[in-house]
Structures are given as structure tokens and as C-alpha cells.
Student: 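Sharing a structure, written as C-alpha cells. Questions coming.
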Amino acid sequence: MAIAEFTIIPIGTGSTSLSSYVAQLYTELERQEGIRFEMTAMGTLIEGPVDRLFEVIRLIHEIPFMQGAQRVSTSIKIDDRRDKETSIQQKMQAVAEKLSARTAE
């Protein structure tokens with residue numbers, strides 16, 4: 001299972017507000033099977049098979065164009081660990097355990 005973080009920025013929208021684009025991206029992500037996602041204030045995390053992540057990001061990249069954007073900038077980071085299963089939740093749990101051990105000292 002891989003984890004990807006992506007940020008999609010429509011350019012030339014005529015407004016500084018992008019929340020309507022983000023809402024549409026969220027709606028489309030909810031429809032996608034075989035992935036788990038979490039939105040943050042600055043981007044989106046998704047996890048699933050790496051091929052599926054690429055499919056979903058490609059689909060999501062197109063949404064601002066369908067909403068009238070003439071240019072879209074998409075940044076992607078991928079963590080594809082193959083020596084063991086990983087997840088967004090597992091990564092956060094590992095950090096929480098380290099913090100808990102540090103405060104117990």
C-alpha cells in the first residue's frame with residue numbers, strides 16, 4: 001500500500017477563494033473505491049495501491065478544468081514502502097508512540 005500527498009491549484013480562476021474547487025474534489029474522492037483519503041488545510045493524503053493512487057490523482061487533476069479553470073498546477077509526493085504494510089494511521093501512531101515515550105522519561 002502506498003501513501004500519496006497531493007495539492008491541486010487551479011490558476012486563473014478570477015477569485016482567490018478555491019473552496020468550491022476543494023468541495024468538488026472532496027465529493028469525487030468520496031466516490032472512489034479502493035482508496036482512503038484525508039484532506040488537510042494545505043493538501044490531501046490518499047492511501048491505496050500505487051496504480052490506483054495514480055488513477056485517482058489523474059481523475060482529480062481534471063476536475064478544475066471541468067469547472068472552468070484554464071490552468072492547473074498539481075504537486076504530488078508518494079511514499080511507496082514495500083518492506084511492510086503502512087498506512088496514514090500507522091505513520092501517525094508511530095509518531096504518537098515516540099512522543100508518549102519521550103514524555104514518560
Side-chain angles (χ1 to χ4, degrees):
M1 179 128 17
I3 300 170
E5 178 182 45
F6 65 89
T7 303
I8 296 177
I9 302 170
I11 299 170
T13 63
S15 172
T16 57
S17 176
L18 300 176
S19 59
S20 64
Y21 291 94
V22 173
Q24 186 62 39
L25 297 176
Y26 187 95
T27 299
E28 186 59 42
L29 284 168
E30 284 185 312
R31 293 183 187 138
Q32 298 304 308
E33 295 181 12
I35 64 156
R36 185 175 166 280
F37 76 95
E38 290 182 21
M39 281 194 158
T40 72
M42 299 297 290
T44 302
L45 297 167
I46 60 174
E47 65 182 36
V50 72
D51 289 342
R52 184 70 179 120
L53 297 185
F54 281 117
E55 289 173 17
V56 171
I57 292 169
R58 173 73 170 117
L59 175 72
I60 297 299
H61 173 81
E62 291 296 322
I63 289 175
F65 289 115
M66 292 186 278
Q67 290 181 280
Q70 295 298 303
R71 185 176 181 184
V72 176
S73 175
T74 299
S75 300
I76 306 167
K77 291 191 290 184
I78 298 172
D79 181 354
D80 186 7
R81 186 169 182 172
R82 298 187 179 178
D83 63 326
K84 70 176 192 174
E85 280 293 313
T86 188
S87 68
I88 297 166
Q89 182 180 7
Q90 178 271 327
K91 289 177 75 134
M92 296 306 297
Q93 181 62 36
V95 173
E97 289 170 5
K98 303 292 188 293
L99 290 170
S100 179
R102 189 174 72 180
T103 57
E105 294 175 349

Student: Start with the C-alpha gap between Thr86 and Ile3, add the side-chain angles, then the distance that decides, and say whether side-chain contact (heavy atoms from CB on, under 4.5 Å) holds.
Tutor: CA-CA 8 Å; Thr86 188; Ile3 300 170; 4.3 Å; yes
Student: Using the test side-chain hydrogen bond (donor to acceptor under 3.5 Å, both in side chains), find all partners of Ser19 that sit at least two apart in sequence or belong to another chain.
Tutor: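 With sequence neighbours excluded, Ser19 shows a side-chain hydrogen bond (donor to acceptor under 3.5 Å, both in side chains) to Ser17, given in chain and number order.
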Student: Would you list the pairs meeting salt bridge (Lys or Arg N to Asp or Glu O under 4.0 Å) in which at least one residue belongs to residues 2-28, sequence neighbours left out?
Tutor: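 Listed by first then second residue: Glu5-Lys77, Glu28-Arg31.
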Student: Please list all pairs meeting salt bridge (Lys or Arg N to Asp or Glu O under 4.0 Å) that have one or both residues in residues 87-99, counting only residues at least two apart or in different chains.
Tutor: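 Residue pairs passing salt bridge (Lys or Arg N to Asp or Glu O under 4.0 Å), neighbours aside: Asp79-Lys91.
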Student: Please determine whether side-chain contact (heavy atoms from CB on, under 4.5 Å) holds for the pair Leu53 and Ile35, giving the CA-CA distance in whole Å, both sets of side-chain angles, and the decisive distance to 0.1 Å.
Tutor: CA-CA 7 Å; Leu53 297 185; Ile35 64 156; 4.0 Å; yes
Student: Excluding sequence neighbours, so at least two apart, what forms side-chain hydrogen bond (donor to acceptor under 3.5 Å, both in side chains) with Arg81?
Tutor: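 By the side-chain hydrogen bond (donor to acceptor under 3.5 Å, both in side chains) rule, Arg81 matches Asp83.
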Student: Applying side-chain contact (heavy atoms from CB on, under 4.5 Å), run through Ile78 and Phe54 and close with a yes or a no.
Tutor: CA-CA 10 Å; Ile78 298 172; Phe54 281 117; 3.4 Å; yes
Student: Would Tyr21 and Ile8 show up in the same hydrophobic cluster when neighbours are defined by side-chain heavy atoms closer than 4.5 Å?
Tutor: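 Not linked; separate clusters.
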Student: In sequence, state the C-alpha distance, the side-chain angles, and the governing distance for Leu29 and Met39, and then conclude on side-chain contact (heavy atoms from CB on, under 4.5 Å).
Tutor: CA-CA 10 Å; Leu29 284 168; Met39 281 194 158; 4.1 Å; yes
Student: Does Ala96 offer a backbone N or O that forms a donor-acceptor pair with the side chain of Ser100 under 3.5 Å?
Tutor: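 Checking the backbone N and O of Ala96 against the side chain of Ser100, no donor-acceptor pair under 3.5 Å is found.
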Student: Extract all donor-acceptor atom pairs below 3.5 Å that involve side chains of residues 43-52 and protein atoms in other chains or at least two apart in sequence.
Tutor:
from	atom 1	to	atom 2	distance (Å)
Glu47	OE1	Ile88	N	2.6
Arg52	NE	Glu33	O	2.8
Arg52	NH1	Glu55	OE1	3.0
Arg52	NH2	Gln32	OE1	2.7
Arg52	NH2	Glu33	O	3.0

Student: Sequence neighbours left out, cut at 3.5 Å: what donor-acceptor pairs do the side chains of residues 60-70 make with other protein atoms?
Tutor:
from	atom 1	to	atom 2	distance (Å)
His61	ND1	Thr74	OG1	2.6
Glu62	OE2	Arg58	NH1	2.3
Gln70	NE2	Gly68	O	3.4

Student: Would a 4.5 Å heavy-atom cut-off, applied to side chains only, mark Glu38 and Gln89 as touching?
Tutor: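 Side chain of Glu38 against side chain of Gln89, heavy atoms only: no contact under 4.5 Å found.
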Student: Under 4.5 Å between side-chain heavy atoms, counting indirect links through other Ile/Leu/Val/Met/Phe/Trp/Tyr residues: same cluster for Ile9 and Val72 or not?
Tutor: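 No, it is not one cluster - the side chains of Ile9 and Val72 are not joined through contacts under 4.5 Å.
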